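Being a predicted model, the structure only gives us computed values, none of them experimental.
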Amino acid sequence: MKFDINKYLGKWYEIARIENEFQPKMEQVTAQYNLIRENYIEIINSGYFNDKLVHTIGRAVPTDNERTLKVYFQPDIYSFYNILFVDDNYQYALVSGNSKDYLWILSRTPDLDKNIVDKLIDIAKKEDFNTSDLIFTKQVLD
């Protein structure tokens, strides 16, 4: 399936992640992707840390690989965001960072069927991620 960045835009809920220094103990995590202009995407990551809502705003630009974005959260400091899997209807996704230390399961809804989660975990295992490091994000329904 050819990846369509326009279908990927919008709000995503974090279902699970490998804990990282950017999101320590965060809950109710979401990511909003907005197309600002052609080839320029605004990313608004939100979540609760110690019961306080925290926002991080970044930007992303497509790379030569249609499933990879170059993401900036600070000027001149970037990372790569790899879309390892997205379903045909763009309702759930598995994404990673530059290394095997960064992995996220995302969904358009705050919860995701266990069979789908298991499918995404199997994909991550085949990509050599240590899925035993996944933590499941507490989400509150809207």
Side-chain angles (χ1 to χ4, degrees), residues 1-50 52-131 133-142:
M1 174 180 82
K2 183 166 173 55
F3 180 74
D4 184 343
I5 191 64
N6 290 309
K7 290 182 181 178
Y8 195 78
L9 299 173
K11 186 173 186 175
W12 290 90
Y13 291 86
E14 180 185 275
I15 301 302
R17 71 173 178 273
I18 292 178
E19 189 74 284
N20 59 67
E21 67 272 17
F22 305 110
Q23 299 173 279
K25 300 182 186 333
M26 288 190 79
E27 297 178 340
Q28 301 177 43
V29 178
T30 61
Q32 176 75 37
Y33 298 86
N34 303 313
L35 186 64
I36 302 300
R37 62 180 181 272
E38 186 177 357
N39 293 327
Y40 186 89
I41 299 162
E42 174 189 58
I43 304 169
I44 304 170
N45 288 338
S46 301
Y48 283 86
F49 177 70
N50 290 336
K52 180 181 177 191
L53 182 60
V54 178
H55 298 285
T56 305
I57 298 174
R59 69 186 195 284
V61 293
T63 66
D64 291 338
N65 178 341
E66 68 179 15
R67 290 181 175 259
T68 300
L69 299 173
K70 191 174 187 180
V71 178
Y72 298 83
F73 282 101
Q74 295 178 10
D76 302 324
I77 299 175
Y78 64 88
S79 181
F80 290 97
Y81 180 91
N82 305 298
I83 297 125
L84 303 174
F85 178 86
V86 64
D87 71 298
D88 291 343
N89 296 317
Y90 289 72
Q91 295 303 299
Y92 52 91
L94 180 70
V95 299
S96 71
N98 286 345
S99 74
K100 302 294 181 189
D101 295 329
Y102 301 97
L103 183 70
W104 295 269
I105 294 175
L106 304 176
S107 174
R108 296 292 189 177
T109 59
D111 58 350
L112 191 57
D113 182 271
K114 182 183 180 327
N115 292 330
I116 295 171
V117 171
D118 290 345
K119 173 185 173 179
L120 295 173
I121 288 172
D122 285 344
I123 293 169
K125 285 179 183 176
K126 289 177 185 167
E127 295 288 332
D128 294 323
F129 285 90
N130 184 356
T131 57
D133 288 344
L134 281 171
I135 61 167
F136 287 83
T137 308
K138 179 182 171 189
Q139 290 287 357
V140 174
L141 298 177
D142 288 343

*Please check if atom NZ in Lys7 has more than 12 non-hydrogen atoms from other residues, nucleotides or ligands closer than 6.0 Å.*
no
_Whether Phe80 and Tyr78 hold their rings parallel, tilted or perpendicular, with breakpoints at 30° and 60°_ = perpendicular
_Counting neighbours of OH on Tyr48 that are heavy atoms of other residues, nucleotides or ligands and sit closer than 6.0 Å, is the number greater than 12?_
no
*Which class fits the ring pair Tyr8 and Tyr81: parallel under 30°, tilted 30 to 60°, perpendicular over 60°?*
perpendicular
*Does the distance from a Lys or Arg side-chain N to an Asp or Glu carboxylate O, for Lys126 and Asp122, drop under 4.0 Å?*
no
*Between Tyr90 and Phe3, does a side-chain contact (heavy atoms from CB on, under 4.5 Å) hold up when you go through it step by step?*
CA-CA 10 Å; Tyr90 289 72; Phe3 180 74; 3.8 Å; yes
*Which atoms form the tightest heavy-atom contact between Ile15 and Pro110, and what is the distance?*
CD1-O, 3.6 Å
*Taking all atoms of both residues into account, what is the closest heavy-atom pair of Gln28 and Thr137, and its distance?*
N-CG2, 3.8 Å
_Partners passing ring pair (Phe, Tyr, Trp, His ring centres under 6.0 Å) against Tyr40 (at least two apart in sequence or in another chain)_ = none
*Can you check side-chain contact (heavy atoms from CB on, under 4.5 Å) on Val86 and Arg67, steps first, answer last?*
CA-CA 10 Å; Val86 64; Arg67 290 181 175 259; 4.0 Å; yes
*Measure across Asn39 and Val61 and return the closest heavy-atom pair with its distance rounded to 0.1 Å.*
O-CG1, 3.4 Å
*Using a strict cut-off of less than 4.0 Å between a Lys/Arg side-chain nitrogen and an Asp/Glu carboxylate oxygen, indicate whether Glu27 and Lys25 qualify as a salt bridge.*
no
